Every structure is written in structure tokens, then in C-alpha cells.
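One structure is given below, encoded as C-alpha cells.
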Number of protein chains: 2
Amino acid sequence: MGIKERRKREKQFRKKEILAAAKVLFFEQGFAATSMNQIAKQVELSKGTLYLYFKNKEELYVSLLVEGLSLMNEAFVRAVQDKTTWIEKLSALGWAYYQFSVDQKQFFHINVQFHHGEITKNISDDLYQQCAEAAINALSFLSDAVQQGISTNEIKQEDPLSIAVILWGSLTGTIMLHEGKDHRKFIPAPIDLLIEKSINILIEGLKNNEPEDKAKM
Amino acid sequence: MGIKERRKREKQFRKKEILAAAKVLFFEQGFAATSMNQIAKQVELSKGTLYLYFKNKEELYVSLLVEGLSLMNEAFVRAVQDKTTWIEKLSALGWAYYQFSVDQKQFFHINVQFHHGEITKNISDDLYQQCAEAAINALSFLSDAVQQGISTNEIKQEDPLSIAVILWGSLTGTIMLHEGKDHRKFIPAPIDLLIEKSINILIEGLKNNEPEDKAKM
DNA sequence: TTATTAAATGACCAGTGGTCAGAAAATCAC
DNA sequence: GTGATTTTCTGACCACTGGTCATTTAATAA
């Protein structure tokens, strides 16, 4: 029964065609400024057909993120492959993430929007899960490096995953603050210096930093 | 000429009425799901009138942020007023920011959207400037504390403003990652623990951390 | 009272995201 | 081949959107 499989392949192909068309327009114009009509025209299908492949505009938009996160994971693999110490690894991952936010600016922006949640509200559980898994996978690069630092007793922490979230969040926030989609900027410092200091501070902060039960002031 | 002034006051009042109505709906439903028609109905004005006071939907939305940033600044004033060391100050500011993101969740979200830039693209330079100034003002609390640490030689850094941006960005990112508007969560660690660790790491990272011209690996 | 200015209206516009009955195309059964 | 069945696709249609603007209404000035 090769026909069923061929049809399935063709359906997948259509989906990818739609995604490719959507990518062009979303990346050029942003989410709000891009309409389903435009996408339909670009991919030479009727608008109704788009809804056979994606439940709504948000789902189509966030689906792009899957590719983006995959690219990011590849970058992370490359970043750590020839590194040995946890410091080298974390530093390389930090820089790889920053580089990703430059090279794949648009993906980075979708990622921020995904985590912010306003656009994400209407996407399917399935797609959400896909993105979450990819994100967790990215986090694991960080937490592995942290775990290594814990093993060698250079980092005094209990939960490497928590630390990974902090590292990831810190860089995401700092980059976002500086590199928004609006052309206007009010932050004086150059971004690469910011990233350098940021990575440096975070790594230094992890060294021999006893976990303590401070009162929350 | 008291009439001119009275009219000006009345106009300001109208503007505030519109903002109040918009706030209710935007906070309940989010930006995209709230329409200008709804807001007009809520404030008992025609839709056209809204556009006499705000140039577009985004401008109306982001205008809310001005109030939010003002609240945040007040919280920052309270946070540092009885603190002496830079560590106490930074810690208190960090917690105050987190508390703000909980108490004024919606304002925090607008702030993220503002910095992300997708929604912000169409707002006036005037409003942008207002928000930028308020943000810089908030940053100055942080950079003042950092400056204090530099003065006492406990922090080895050159540009306190850059550090302030990093601190602000780090917390913003970490909170955003964990507290998106989507109900679904995939980050296991409790947020307050994350914040505690985050503040701790950042402060430790600042202590005696020589600024160096490391190659970017 | 009349003229002037300011404020508010709502019908109107092009376009939106999304739906769905029906057309078109491909596959299956014979 | 033919007709029945299933899958894919279409585009007219819907309620509604953000935004505009000639016109009306109200307030002030002369």
C-alpha cells in the first residue's frame, strides 16, 4: 500500500510549502502585519486550504519556531563539542545563543513571543509540547555543563536545571532588552559588550556560591 | 483665561477615562482580543473619539505602561530607602521587581511587549520617549547601587549602567520564561526559588569580578 | 443673537481571521 | 473503461476589525 504513504508525504510537503511561504512574509512584516490572505496568495493556494493544515494563524506562526529551535540546538551541539570544562561550555553556549539571536533574529523573536504567551494562547497542546520539548532540550545543554561544575565541586548548587533556566532567561532578557524589533533604542552600551559581561558575571556568580536559605528580605 | 485651562483639564480627564476603560479590557482579554469598539462602548464614547485622543490601538495600549512604570518606580523607591550597602540595595530591588511582576502582572507583560518591539512599532516618538525615560529612571536605581559597589571597591566594573541593563534584563527574562500569559508551563522549578538564586548569582558574580578583555571564544 | 471654534459622532471603508457547502481531483471497486 | 467513494481544495460568505472623515452637536466669543 504505497499510495497512502505517498499521499502522506505529499501532505507533509504541502505543509512545508505553506510554512515556507509564511516564513517569508512573517519574517518580512511581522505577525500582525501579515495576513492569511497574503500567505495563501504567496503559496498559491486558497485561504481555506491553509486551515486544513493549521488550525489558526498563531499555530502557523509558532510552527515556524520548531525549525528555529532545531537550528539553535544544532548551534549548541557545535558550541560544546570541543569544550572540556564547564566554564568553557557555558561560555560557548552563551555566545552561541547570542550569535543565534543575531543570525536568526526572527526566530529569536518568535521564541520570546512564545514564552511571553500572548500569541501562544491559541495554539494546540501538540505544538506547545513540541516547542516545550525543544526548549527543554536546549536547556539540557546548559544544565549538563552546570552539572559538570557541580561534580567538580566548583559550583555549589543543588538543582542544575534551575540554574539552566536562570542562565537561559538572563541572556534572553538582556538580548531582548537591547534588540527589540522597534528601530528605536535607548540603551547606550553595545550589545556584544553586554553579552560578554553578562556571561562573565553569571559564571563568576556560579563559582563557589553556596546555596543558602536567605530570608526574602 | 480660566476657560482654556478648564478645557485642558477636561481633556486630560477624558484621556484618563479612556485609559481606565482600556485598562479593564486589555488586562482582562489581552491586546489582540480587545477591540476599539469594545473600549468605546465601555467608556461610552464613539469609536471615532478614541482616535482624537490616541493615534491608534497600540498607542492606547502602550500608554497604560506609563502608569505601570510609575508604580514600579515607586516600588523601587520604597525598596532602597532603608538599605545601606549595595548588596542590600540590589537584592531589595530584585525582589521588588519580582513582586511587581506578580502584583502588576499585566503591566509587566506590557513592559515585555514594549521591549520586544512588535507591538511598539507604531507608537509615537513622544510616547516611546516617555517609556524610555521611565525605564532609564528605573535602571538608575540599579546603576546607583552598582556605582556604590564600585566606589567601595567591592565591584570591579567600569560601566554601572551596562551592569544595570544586565541585571534588569536577567530578571525580566527569567520571570518572563516562567510567567508567560499562556497557562501552560514546562519549567519545573518554583519561581520564587528561581528569583532567589538568580539575585544571588548576579550579586556574587559582581563581587571582585575583574573586567577583562577576553577574546570572544 | 450670531459667528467661531472645539469636541464628538457614526456611517463608511478596505481588509481581517475563520467557515463551509460544494467543486474538483484522485483513488477504489468492478 | 465506468461509476462510487474518499480526499483535497476552493472561494463566496460571515461578523467583525482598525481607522477615517464629513457632518452634527456643544461650548465659547463677539
Side-chain angles (χ1 to χ4, degrees), chain A residues 1-22 25-26 28-64 113 118-124 127, chain B residues 1-22 25-26 28-64 113 118-124 127:
Chain A
M1 262 300 188
I3 285 180
K4 274 252 173 88
E5 273 89 45
R6 202 204 72 223
R7 288 212 127 181
K8 214 169 186 177
R9 274 203 317 274
E10 283 175 351
K11 228 179 162 185
Q12 273 310 108
F13 187 71
R14 263 287 137 84
K15 203 166 178 177
K16 277 179 189 165
E17 283 184 317
I18 295 171
L19 277 169
L25 294 169
F26 279 135
E28 256 174 23
Q29 311 174 328
F31 176 76
T34 301
S35 74
M36 294 300 270
N37 287 307
Q38 285 174 23
I39 296 169
K41 190 165 277 179
Q42 174 93 10
V43 74
E44 292 174 293
L45 287 170
S46 75
K47 181 164 59 163
T49 304
L50 302 188
Y51 287 91
L52 297 176
Y53 291 86
F54 299 93
K55 63 174 280 207
N56 55 36
K57 193 184 172 185
E58 285 84 2
E59 185 98 1
L60 177 44
Y61 185 63
V62 176
S63 290
L64 292 174
Q113 286 172 294
E118 168 96 31
I119 277 186
T120 316
K121 281 186 240 166
N122 299 327
I123 70 170
S124 65
L127 178 56
Chain B
M1 262 298 188
I3 284 180
K4 275 253 173 84
E5 274 88 46
R6 199 204 73 222
R7 289 215 127 180
K8 214 168 185 177
R9 273 202 320 272
E10 283 175 351
K11 227 177 163 187
Q12 273 310 108
F13 188 70
R14 262 288 135 84
K15 205 167 178 176
K16 279 180 189 165
E17 282 183 317
I18 296 171
L19 278 169
L25 293 169
F26 279 134
E28 257 174 22
Q29 311 175 329
F31 176 75
T34 301
S35 75
M36 294 300 269
N37 287 307
Q38 284 174 19
I39 296 169
K41 192 165 274 181
Q42 174 93 9
V43 74
E44 291 173 295
L45 286 170
S46 76
K47 180 165 59 166
T49 304
L50 300 187
Y51 287 90
L52 298 175
Y53 291 86
F54 299 93
K55 66 174 279 210
N56 54 36
K57 193 184 172 184
E58 284 85 1
E59 184 99 2
L60 177 45
Y61 185 63
V62 177
S63 290
L64 292 174
Q113 285 171 295
E118 167 97 31
I119 276 186
T120 319
K121 282 186 237 164
N122 299 327
I123 70 169
S124 65
L127 178 56

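Letters go in sequence order (proteins before strands), and every chain restarts at 1. These numbers were taken from a predicted model, which means no experiment stands behind them.
Look at OH on B/Tyr61: it is 18 Å from C1' on D/dT17, rounded to the nearest Å. Regarding A/Ile18, its CD1 atom lies at a distance of 12 Å from the P atom of D/dT8, rounded to whole Å. If you take CD of B/Gln29 and C1' of D/dT17, they are 14 Å apart, rounded to a whole angstrom. Here D/dT20 presents its P atom at 10 Å from CE of B/Met36, a figure rounded to the nearest Å. Look at OH on B/Tyr53: it is 8 Å from C1' on C/dA8, rounded to the nearest Å. Whole-Å rounding puts the A/Glu10 CD to D/dC9 C1' distance at 14 Å. Rounded to a whole Å, the NZ atom of A/Lys57 is 15 Å from the P atom of D/dT17. B/Leu60 places its CG atom 15 Å from the C1' atom of D/dT17, with the value rounded to the nearest Å.
At the heavy-atom level, A/Thr49 lies under 4.0 Å from base atoms of the strands shown. When heavy atoms are screened at a 4.0 angstrom cut-off, B/Lys47 is found touching base atoms of the nucleic acid. Across all strands shown, B/Phe54 has no heavy atoms under 4.0 Å from either base or sugar-phosphate atoms. Counting non-hydrogen atoms under 4.0 angstrom, A/Leu52 reaches a base of the nucleic acid.
Listed nucleotides: C/dA8, C/dA7, D/dT20. Nearest to the side chain of B/Arg14: C/dA8. In the set D/dT20, C/dG17, D/dC9, the nucleotide with an atom closest to the side chain of B/Tyr51 is D/dT20. Closest to the side chain of A/Arg7, out of D/dG18, C/dT27, C/dT9, is C/dT27. Of the listed nucleotides (C/dA8, D/dG11, C/dG18), C/dA8 has the atom at the smallest distance from the side chain of B/Ser46. Comparing atom distances between the B/Glu58 side chain and each of C/dG18, D/dC9, D/dG19 picks out D/dG19 as nearest.
Side chain of A/Lys57 to main chain of A/Phe31: a donor-acceptor pair is present (N/O by atom type, distance under 3.5 Å, no hydrogens or angles). A/Asn56 places a side-chain N or O within donor-acceptor distance of the main-chain N or O of A/Asn122, the cut-off being under 3.5 Å. The backbone N or O of B/Ser124 lies less than 3.5 Å from a partner atom in the side chain of B/Glu59, making a donor-acceptor pair.
With respect to the salt-bridge test (charged N to carboxylate O, under 4.0 angstrom), the residues A/Glu17 and A/Arg14 qualify.
Each of A/Gly48 and A/Gln38 has a nearest nucleotide on DNA chain C; the 5'-most of these lies closest to A/Gln38.
Phosphate proximity of D/dC16 to B/Asn37: absent, as no side-chain N or O sits under 4.0 Å from OP1 or OP2.
Heavy atoms from other residues, nucleotides or ligands lying under 6.0 Å from CD of A/Glu10 number more than 12.
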